[in-house]
Amino acid sequence: MVIPAIIADVEKVEVEVEVVVAHRERATLRVGDVFLKIDSDQTRIDVEVEAMAMAPIPTPEVLWRKPPVLALAALPGTALGRLGEPSTASPAAWAAAGAAARMLHDAPLPPWPGRSLDEIASHLDSECEWLVTNSVLPTDLVTRNRQVAEAALRPWTPVFTHGDLQITHMFVDGDEITGVIDWSEASQGDALFDLATLTLGHEEHLGDVVAGYGTDVDLDVIRAWWSLRSLLVIRWLVENGFDPFSPGCEVDVLRSRL
C-alpha cells in the first residue's frame, strides 16, 4: 500500500509513504529513502541495533531512534527475491549471498543466546498439533514433514546467525551484496538455519548459495529446516493476514517433501 503524503520541513516536499509490512506486533514504513520501524517490543529493537553494529557485513545506517520508532537509511539495490516468485538475481548474486552468510557465521558470537533444542522441539510439537486439530493441513502432510524436520533437531556449534535471513532481507546490486536488513531475530544459532531460510522456496539456488558459502554443509539438514520453519510459521502467518497457501510459499514447500 502506498499513501501520498506531504512532509513539512523548510519547505513542503511531496513524498510517498509506503507500508512495507504491518501486523499486530510491528510495522515498517518507507518514507522516501528512510525506513521507519515501529515495534511494540523494545527488546527486539535493542537486539536489531546491537546486532547491526556487530555484523561484519553491510547493514542499514541507523539515522535516529525514538522508541517505539527506529529510523534506518534505505539500502541501495533490490531484494534478492521474494517467496513465491522466481528470482531475477544472477547465480553470482546468490553465491555472494552465501559468502555474506559465511562471513556472518565466522564473526564473534553475540552475547545473547538463541532458542534451545528443547524449546524448538516443543514449539514444533505444539504447532503440528494445532495444524492437525484445526484441519489447516492434512495429517499425512504434517506427519511427513515432522519426520523430515527431525534431522534439524540435533546439536550444533552456535554461530552468529541473522535468524530471519529471508531473501527479501538480502539486498543486491548486480552481483554484489549491498546489505542485510531486519536483525531483530539475530542470536547464537545454527548456521544451516540461516542457509535454509535464505533458500526456502528457492531450492534451485541452493547450489549457488552453498558454493558461495565455501564449505561442505549437510543438505539434508537444510531441507529439514525448510520443513521445520514452514511448520512453525503457518499459524502466525494466517493469524496476521498473510497467506502461506500462495503458490511457492510455505504450504507448497511442505508438499514438496511428499
Side-chain angles (χ1 to χ4, degrees), residues 1 17-31 33-85 87 89 93-94 96-98 100-101 103-105 107 110 112 114-115 159-173 177-191 193-202 209 225 229-230 232-233 236-237 240-242 244 249-250:
M1 179 170 59
V17 177
E18 177 186 358
V19 180
V20 179
V21 64
H23 48 78
R24 290 179 297 180
E25 297 175 357
R26 68 190 85 166
T28 301
L29 310 177
R30 180 167 185 163
V31 184
D33 290 331
V34 177
F35 283 93
L36 301 178
K37 301 193 69 172
I38 306 160
D39 200 314
S40 61
D41 184 350
Q42 286 307 294
T43 301
R44 284 193 293 256
I45 295 295
D46 292 341
V47 167
E48 178 150 14
V49 172
E50 187 169 353
M52 288 193 296
M54 295 178 61
I57 57 179
T59 63
E61 178 188 358
V62 176
L63 300 176
W64 51 265
R65 181 183 180 188
K66 187 174 182 180
V69 183
L70 174 66
L72 301 170
L75 289 172
T78 58
L80 187 61
R82 291 187 178 277
L83 185 61
E85 300 177 9
S87 172
W94 281 89
M103 188 177 297
L104 176 65
H105 296 162
W112 57 92
R115 295 178 300 167
V159 300
F160 187 171
T161 58
H162 179 277
D164 193 21
L165 199 60
Q166 304 177 43
I167 52 175
T168 51
H169 295 163
M170 180 83 73
F171 277 66
V172 297
D173 185 1
I177 301 299
T178 59
V180 179
I181 64 172
D182 284 3
W183 291 81
S184 61
E185 304 298 325
S187 68
Q188 300 178 25
D190 181 13
F193 174 71
D194 268 356
L195 297 185
T197 304
L198 182 62
T199 54
L200 183 76
H202 288 273
V209 169
W225 275 119
R229 179 182 170 91
S230 297
L232 289 184
V233 302
W236 186 93
L237 291 169
N240 285 276
F242 301 100
C249 294
E250 286 81 4

Looking only at non-hydrogen atoms, find the nearest pair between [X] and [Y] and report the distance.
X: Ala101; Y: Leu195; value: CB-CD2, 3.9 Å
X: Leu198; Y: Ala97; value: CD2-CB, 4.0 Å
X: Cys249; Y: Gly84; value: SG-CA, 4.2 Å
X: Val62; Y: Met52; value: CG2-CE, 3.7 Å
X: Ala191; Y: Thr161; value: N-CG2, 4.2 Å
X: Leu83; Y: Gly201; value: CD1-CA, 3.9 Å

*Thr178 (side chain) donor-acceptor with Gly77 (main chain) under 3.5 angstrom*: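 Here the side-chain-to-backbone pair does not exist.
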*Between the main-chain N or O of Val21 and the side-chain N or O of Thr28, is there a donor-acceptor pair closer than 3.5 Å?*
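Side chain of Thr28 to backbone of Val21: no pair is present.
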*asked:* Assess whether a salt bridge exists between Lys37 and Glu48, defined as any Lys/Arg side-chain N lying under 4.0 Å from an Asp/Glu carboxylate O.
replied: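 The answer is yes: the pair qualifies as a salt bridge.
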Is there a side-chain contact between [X] and [Y] (heavy atoms, below 4.5 Å)?
X: Asp39; Y: Leu70; result: no
X: Trp225; Y: Leu200; result: no
X: Arg26; Y: Ser184; result: yes
X: Leu72; Y: Leu63; result: no
X: Val31; Y: Leu36; result: yes
X: Leu104; Y: Pro56; result: yes
X: Leu29; Y: Glu18; result: no
X: Glu50; Y: Pro110; result: no

Enumerate, atom names and distances included, each donor-acceptor pair closer than 3.5 Å involving a side-chain atom of residues 162-171, sequence neighbours excluded.
{"unit_1": "His162", "atom_1": "ND1", "unit_2": "Asp164", "atom_2": "N", "d": "3.0"}
{"unit_1": "His162", "atom_1": "ND1", "unit_2": "Asp164", "atom_2": "O", "d": "3.4"}
{"unit_1": "His162", "atom_1": "ND1", "unit_2": "Leu165", "atom_2": "N", "d": "3.2"}
{"unit_1": "His162", "atom_1": "NE2", "unit_2": "Ile181", "atom_2": "O", "d": "2.8"}
{"unit_1": "His162", "atom_1": "NE2", "unit_2": "Asp182", "atom_2": "O", "d": "2.9"}
{"unit_1": "Asp164", "atom_1": "OD1", "unit_2": "Gln166", "atom_2": "NE2", "d": "2.8"}
{"unit_1": "Asp164", "atom_1": "OD1", "unit_2": "Arg229", "atom_2": "NH2", "d": "2.9"}
{"unit_1": "Asp164", "atom_1": "OD2", "unit_2": "Gln166", "atom_2": "NE2", "d": "3.1"}
{"unit_1": "His169", "atom_1": "ND1", "unit_2": "Asp164", "atom_2": "O", "d": "2.7"}
{"unit_1": "His169", "atom_1": "NE2", "unit_2": "Asp182", "atom_2": "OD2", "d": "2.9"}

_Once salt bridge (charged side-chain N to carboxylate O under 4.0 Å, His left out) is applied, do any residues pair with Asp194, and if so which ones, sequence neighbours excluded?_
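Result, salt bridge (charged side-chain N to carboxylate O under 4.0 Å, His left out) vs Asp194: none returned.
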_Test salt bridge (charged side-chain N to carboxylate O under 4.0 Å, His left out) applied to Asp173 - qualifying residues, sequence neighbours left out_ =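 For Asp173 there are no salt bridge (charged side-chain N to carboxylate O under 4.0 Å, His left out) partners, ignoring immediate neighbours.
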_Step-by-step side chain to side chain contact (heavy atoms under 4.5 Å, CB included) determination, Leu75 to Phe35_ = CA-CA 10 Å; Leu75 289 172; Phe35 283 93; over 6 Å; no
*Do other residues, nucleotides or ligands put more than 12 heavy atoms under 6.0 Å from the CZ atom of Arg82?*
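Atom CZ in Arg82 is not crowded, with 12 or fewer foreign heavy atoms closer than 6.0 Å.
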*Which pairs with one or both residues in residues 64-76 pass salt bridge (charged side-chain N to carboxylate O under 4.0 Å, His left out), sequence neighbours excluded?*
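Non-adjacent pairs meeting salt bridge (charged side-chain N to carboxylate O under 4.0 Å, His left out): Asp46-Arg65.
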*Which residues pass the ring-ring contact (aromatic ring centres under 6.0 Å, His included) test with Phe160, sequence neighbours left out?*
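Partners of Phe160 under the ring-ring contact (aromatic ring centres under 6.0 Å, His included) test: none.
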*Among all residues two or more places apart in sequence or in another chain, which pass the ring-ring contact (aromatic ring centres under 6.0 Å, His included) test with Trp112?*
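Not a single residue meets the ring-ring contact (aromatic ring centres under 6.0 Å, His included) criterion with Trp112.
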_Derivation of the side chain to side chain donor-acceptor pair (under 3.5 Å) call for Trp94 and Ser87_ = CA-CA 10 Å; Trp94 281 89; Ser87 172; 3.2 Å; yes
